Amino acid sequence: MKIREIASLLGADVLCGEQMLDDEVQSACGSDMMSDVLAFVKDQGVLVTGLVNPQVIRTAMMMDMRCVVFVRSKRPTPEMVDLAQEHNIAVLASTSRMYEACGKLYAGGLGNGVCR
Amino acid sequence: MAETLKFHYDVDGDNFTSAGAASVEVKRKLRQLGLDAETIRRVSIAMYEGEINMVVHARGGSADVYVDKDGITIILADRGPGIPDIDLAMQEGYSTAPDNIRALGFGAGMGLPNMKRYTDEMKIDTVLGQGTTVTMKVFIHPANV
């Protein structure tokens, strides 16, 4: 699925990474616990979260993720967006709740990939 | 690489916002060295968890990273309270992190287990009241070079 389609499915605003909208991602995970993302995620390009602090972006960087989607109308700080931009991570923001956002993406064909 | 490369970082214990900065820097350097993506990811995650641990539990410390032809060695040293029961600390889900850290998305009790999961060797030296040193090694798989 292209990052552009994720934004469309979730009615999300693109806060940075416009140049990546046509990039393909294969899978996603949804979590507010970064420790669990670091533990159980493998080869997932998208992080869906309602947690807002710079460690969300750093976790995505460590996992080589391409896109972070903030749900529940959460808005990252400008510093977080800058950090993401610097490291080539697209940032989207949606009013969807976590369950709804994950459901829409899964139904749209974005799976959960291979978990350890 | 013919000789061992050394990188040293001070980890600021008073600033959770900047925690992980050393891991980001190491990841960048390993990329510049042309190491394979999976090795870089394993080192990055293990060091990042360790860095977070030092900030959460030990008011910071130091991180030393050595890279040679065989692999990457990460030594994280702090002067924190030490770990009373290492077996318990290694259990997935066991955590002594305070609520304010859980609210930031950490403290799920996965830090040390993750560090072990992503590294080939891990050793913990700890003295109560004096500090903890975690030494981790990730081998560069010949097939990955």
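Keep in mind that what you see is a predicted model, and the values were worked out from it rather than measured. Convention: sequence-line order gives letters A, B, ...; per-chain numbering from 1.
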Using modelled atom types only, decide if a donor and an acceptor are shared between the side chain of Gln55(A) and the backbone of Phe16(B) within a distance under 3.5 Å. yes
Is Met80(A) reachable from Val69(A) through a run of hydrophobic residues whose side-chain heavy atoms are each under 4.5 Å from the next? no
Given that the side chain runs from C-beta out, which part of Asn53(A) has a heavy atom under 4.5 Å from chain B: side chain, backbone, both or neither? side chain
With a 4.5 Å limit on heavy-atom distance, are the side chains of Met34(A) and Ile52(B) in contact? no
Is there a chain of hydrophobic side chains (I, L, V, M, F, W, Y, each step under 4.5 Å between heavy atoms) that links Val46(A) to Leu21(A)? yes
Turns out that what part of Tyr48(B) lies under 4.5 Å from chain A's heavy atoms comes down to side chain
Is there a path from Phe7(B) to Ile45(B) through hydrophobic residues (I, L, V, M, F, W, Y) whose side chains come within less than 4.5 Å of each other? yes
For Ala108(B) versus Asp36(A), what's the shortest heavy-atom pair and its separation? CB-OD1, 4.1 Å
Identify the two heavy atoms, one from Pro54(A) and one from Thr17(B), that lie closest to each other, and give their separation to 0.1 Å. CG-CG2, 3.5 Å
What closest approach, in Å, do Arg102(B) and Met33(A) show between heavy atoms, and which atom pair accounts for it? O-SD, 4.2 Å
Write down the atom of Lys27(B), the atom of Met63(A), and the distance for their closest heavy-atom approach. NZ-N, 4.4 Å
Kindly check if the number of other-residue, nucleotide or ligand heavy atoms within 6.0 Å of CZ (Phe139(B)) is above 12? yes
Closest approach of Gly107(B) and Ser35(A), non-hydrogen atoms and distance? N-OG, 3.8 Å
Is it the backbone or the side chain of Thr59(A) that comes under 4.5 Å from a heavy atom of chain B, or both, or neither? both
May I ask you to check whether over 12 heavy atoms, not counting those of Lys137(B), lie within 6.0 Å of atom NZ? yes
Counting only non-hydrogen atoms closer than 4.5 Å, does Ile40(B) touch chain A with its backbone (N, CA, C, O), its side chain (CB onward), both, or neither? neither
Examine Val71(A) and Val56(A) and state if one hydrophobic cluster contains both, with Ile, Leu, Val, Met, Phe, Trp and Tyr joined whenever side-chain heavy atoms are less than 4.5 Å apart. no
Within the side chain of Arg58(A), is there an N or O that forms a donor-acceptor pair under 3.5 Å with the backbone of Ala19(B)? yes
Is Leu112(B) reachable from Val56(B) through a run of I, L, V, M, F, W or Y residues, each pair having side-chain heavy atoms under 4.5 Å apart? yes
Nearest heavy atoms of Tyr118(B) and Leu38(A), plus distance in Å: OH-O, 2.7 Å
Should the heavy atoms of other residues, nucleotides or ligands under 6.0 Å from CZ of Arg72(A) be counted, would the total exceed 12? yes
